[in-house]
Amino acid sequence: MRYWLFKSEPDVFGWDDLVAKGKSGEEWDGVRNYQARNNMREMKKGDRGFFYHSNKGKEIVGIVEVIAEAHPDSTTDDARWECVDVRAVKPVKTPVSLDQAKEDERLKDMALVTNTRLSVQPVSEAEWNVVMELAGM
DNA sequence: GCCAACGTTGGC
DNA sequence: GCCAACGTTGGC
């Protein structure tokens, strides 16, 4: 199983919105970036990911699970773009902010810190464990 | 709301 | 195939 991180602006589609979708989850659509798309193509059903609020909050607020592997993005006719489906698993006990991630030596290579504009990123197992620890999980 | 960083597009 | 122009993301 691999780990990922999904960014979303809470004003557009936040953690609460995903929770409201329940077990059937939601398409992670609208990604128009090749790197992010390639990451989604590598996802397998059952992979876990962090849900990060960009712009407002700037913190990891929850844990999601990939429930459907890459398929065409229903929001465009452009065959280049694909997306996966995710569902909310549970909120973190304590949100982990971008500042915390920046300050933690163990997370200095995390894509969240080094590649701020990438909206779907891989998370290493070591990074996952550090964030989980910071989140009080 | 600004702007830096980055990705993409298109002219040459 | 280079690079200038442009668009978008996201931190501040």
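Per chain, numbering begins at 1; letters A, B, ... match sequence-line order.
- The base of C:dT8 has none of its N or O atoms less than 3.5 Å from a complementary donor or acceptor on the side chain of A:R32.
- Taking all atoms of both residues into account, the shortest heavy-atom contact from A:P91 to A:W15 is N-CZ2, 3.5 Å.
- Between A:Y52 and A:W4, the gap from one ring centroid to the other reaches at least 6.0 Å.
- We find that CG of A:D99 is positioned 6 Å from P of C:dC12, with the value rounded to whole Å.
- Judged by distance alone, the side chain of A:R37 and the main-chain N or O of A:R80 form a donor-acceptor pair under 3.5 Å.
- Closest-nucleotide positions on DNA chain B for A:R117 and A:N55 were compared, and the one nearer the 5' end corresponds to A:N55.
- Between A:Y34 atom OH and B:dC6 atom C1' there is a gap of 15 Å when expressed in whole angstrom units.
- Here the nucleotide nearest the side chain of A:R80, chosen from C:dT9, C:dC12, B:dT9, is B:dT9.
- The distance from atom CG of A:L112 to atom P of B:dA5 is 17 Å, rounded to the nearest whole Å.
- Panel note: side chain A:E103, backbone A:Q100; no donor-acceptor pair is recorded below 3.5 Å.
- When rounded to the nearest whole Å, the span between CZ of A:R37 and P of B:dG7 equals 14 Å.
- Here C:dG10 presents its P atom at 8 Å from CG of A:L118, a figure rounded to the nearest Å.
- The nearest whole Å value for the distance from the CD atom in A:E9 to the C1' atom in B:dG1 is 14 Å.
- Residue A:Y52 has a polar side-chain atom (N or O) positioned under 4.0 Å from OP1 or OP2 of C:dG11.
- Among the nucleotides C:dG10, C:dC12, C:dT8, the one closest to the side chain of A:K102 is C:dC12.
- Of the candidates B:dG7, C:dG11, B:dT9, B:dG7 carries the atom nearest the A:Q35 side chain, counting heavy atoms from C-beta on.
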